[in-house]
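What follows is one structure encoded as structure tokens, with my remarks underneath.
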Amino acid sequence: MSRLGAGFAALLLTLAPAQAGPAREAIVTVQLANAVEVVDLASNTVLRRIAVDGAPAGIALAPDRKRAYVTRPEGHGLAVLDLDAGTVLTEIPLPGGPLGVAADPRGGHVYVADWYGSRIFVLTEKDGVLAPDGEITVGQSPSGIAVAPDGGRLYVANREADTVSVVDAAARREIAVIPVGHHPFGITLDAQSGRAYTANVTGDDVSVIDIAAAKEIGRVPTGRRPYVVALLNGRGFVTNQYADSVTAFDLATLKPLAEIDVGDHPEGIAADPATGRLYVADWGDNRLSVIDAASLKAVAQIATGNGPRAFGDFLR
Amino acid sequence: MKTITLATAALATLVAFTAQAHGPTRRKVSESIEINAPADKVWAVVGNWKDADWLENVTKTETQGDDPAKSKRTLTLKNGNTINETGGKYKPDDKLFMFYIDKVDVKDLPANDYSGTITVEPEGDAKSKVEWKSAFYRGYMNNDPPADLNDEASEKGVSAWVKASLQNLKNKVEKGS
């Protein structure tokens, strides 16, 4: 029992770093509006809008959840936002097509994937200033990035290569390549269980990866064009862009449990373990759908700006 | 001559290589039209997915299978090119048809990964409104798109095709018996 309790506590830490109590805000990239919106989850309204040009898409949050790192694929760079002040602190130019982004949970590093290339940009913080600090070669069209809790390994979904790269972050090199399904886009790490999940966009399924064995151990069928997986209470939730739905599946049996109707072209999804809710960016309908994980139903909608994507870690 | 052939081959390879990952920003275009006919009559045309002759530039419709929610359809265009589609949703009760374009030459329609949703809504007994929502990536897949395949030009191209098709639909339904 105490072992179970300890495991549960560790799981919570893994899933929600520096997070006590329910998530207060969703930080949503509204790509077609060239902005990032801060959504208050108590009142379900947009608190403020921060202008970020360059078609903002990917998002990651600093370990203290006070800063957001937002990719600007059409502006070619990364914007660093002060979420409490509602301001852009700095914009860091990057070449190629910066899209996926992840922050080291221990702080100090931010990783950005080049959608048009085969590389991850490393950005390192020195004296409070984040700056480009080299590249790591991975597979073609890297999109989603997940970082291990200790910062030692990166897991990168390579969309055009149909693989996941395992990267030694300190050595800055790819140490394993794991074949997965067709066109993996989002990647989600469950460090406690030693697994990762990719949403395979053109395969209409999710690949389940055993991290220690560095191989795929299962597939879960989804709706059309899955985008990214969120994890909550022993279940996976994957957005299906073309089916306007979220497929819920059991992480133990890897069997689908339900298909939950949400809005048009759902993309980013994030879970709040404290409330048992999931938030989905409905790109086509300009809103967030709120899913209750217990009833497996959408229970609320929150209006946003045009084209919400929120690809990444967006609750705080 | 040989040099030119090699250069062409190299270019073709380059195009084939870069034409995989689409652009980073999906675009959306929504068009609608009011038709002086009851919704059932309009849906009789829109829902007849085996005949897409009201779509602008389409001369022939060929279908495989009988489930418009997932069957494939090939549209032949005036210039002989084709558009290959797959059905996504087909809900007669909601008068909704959703489809995806699997393959199209960007010269015919400047879009990638296109999905379209057409709905017919009654406006009283004698009128209806048809809405056609499009979601797609621009015609050029990579960074620094040429002017004719950038986001704006792609939106314009899709919008023009949808508008013309909706006008054809209106003409067909209103003039039809």
Side-chain angles (χ1 to χ4, degrees), chain A residues 29-34 54-58 71-76 94-100 113-118 139-143 158-162 182-183 185 201-202 204 223-225 227 240-245 261 264-265 267 282-286 306-309 311, chain B residues 13-31 67 69-72 85-91 94 96-103 111-119 131-138 140-145 149-152 154-155 158:
Chain A
T29 52
V30 278
Q31 190 170 33
L32 297 176
N34 281 309
T71 54
R72 303 162 55 239
E74 299 280 10
H76 307 299
L94 291 169
L99 184 60
D114 178 5
W115 173 248
Y116 290 126
S118 302
Q140 196 188 341
S141 285
S143 39
N158 304 308
R159 189 185 190 273
E160 297 303 320
D162 297 340
H182 292 297
H183 289 190
F185 189 77
V201 176
T202 59
D204 294 342
R224 284 216 181 129
R225 296 250 161 178
Y227 190 79
N240 303 312
Q241 297 171 84
Y242 278 3
D244 306 342
S245 68
D261 286 334
D264 183 27
H265 283 81
E267 297 207 329
D282 294 332
W283 176 86
D285 285 334
N286 303 336
N306 193 7
R309 295 197 73 180
F311 178 47
Chain B
T13 308
L14 183 69
V15 169
F17 180 76
T18 55
Q20 290 183 23
H22 52 65
T25 316
R26 194 197 284 117
R27 315 302 298 182
K28 54 172 94 165
V29 164
S30 181
E31 301 291 349
D67 182 355
K70 56 180 158 189
S71 293
K72 302 218 177 263
E85 299 180 347
T86 302
K89 287 184 181 176
Y90 188 84
K91 299 181 175 175
D94 300 333
L96 179 152
F97 179 48
M98 180 190 183
F99 64 97
Y100 322 107
I101 294 180
D102 302 317
K103 198 173 158 224
N112 284 297
D113 275 33
Y114 177 97
S115 58
T117 305
I118 309 173
T119 48
E131 188 180 38
W132 181 333
K133 291 201 296 187
S134 302
F136 55 92
Y137 291 88
R138 68 180 175 227
Y140 188 75
M141 302 276 208
N142 218 319
N143 257 346
D144 308 318
L149 293 175
N150 65 16
D151 286 335
E152 292 72 24
S154 298
E155 282 180 15
V158 169

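For clarity, every value in this text was computed on a predicted model and none was experimentally measured. Protein chains get the first letters and strands the later ones, always in sequence-line order, with residue 1 at the start of each.
Not a single donor-acceptor pair under 3.5 Å links the side chain of A:Y242 to the backbone N or O of B:Y100.
Atom CG of residue B:D144 and atom NE2 of residue A:H76 lie 5.5 Å apart, to the nearest 0.5 angstrom. A:Q241 CD to B:S115 OG: the interatomic distance, rounded to the nearest 0.5 Å, is 9.0 Å. To the nearest 0.5 Å, atom OG1 of residue B:T117 and atom NE2 of residue A:H265 are 7.0 Å apart.
B:R26 has its side chain out of reach of A:Q31: every pair of non-hydrogen atoms, C-beta onward, lies at least 4.5 Å apart.
When all heavy atoms of B:N143 and A:G96 are compared, the pair lying nearest together is ND2-O, 2.9 Å. In terms of heavy-atom proximity, A:G307 sits nearest to B:K28 at N-NZ, 3.8 Å. Of all the heavy atoms in A:W283 and B:R27, the pair that sits closest is CH2-O, 3.2 Å.
Proximity to chain A (any heavy atom under 4.5 Å) is restricted, for B:K89, to the side chain, taken from C-beta onward. Only the side chain of B:T86 comes within less than 4.5 Å of a heavy atom of chain A; its backbone N, CA, C and O stay farther away. With a 4.5 angstrom heavy-atom cutoff, B:D151 touches chain A only via side-chain atoms.
With sequence neighbours left out, A:D264 forms a side-chain contact (heavy atoms from CB on, under 4.5 Å) with A:D244, A:D285, B:K133. In this view, A:N240 and A:T222, A:P226, A:V238, A:A243, A:S245, A:T247, A:E259 satisfy the side-chain contact (heavy atoms from CB on, under 4.5 Å) rule, not counting sequence neighbours.
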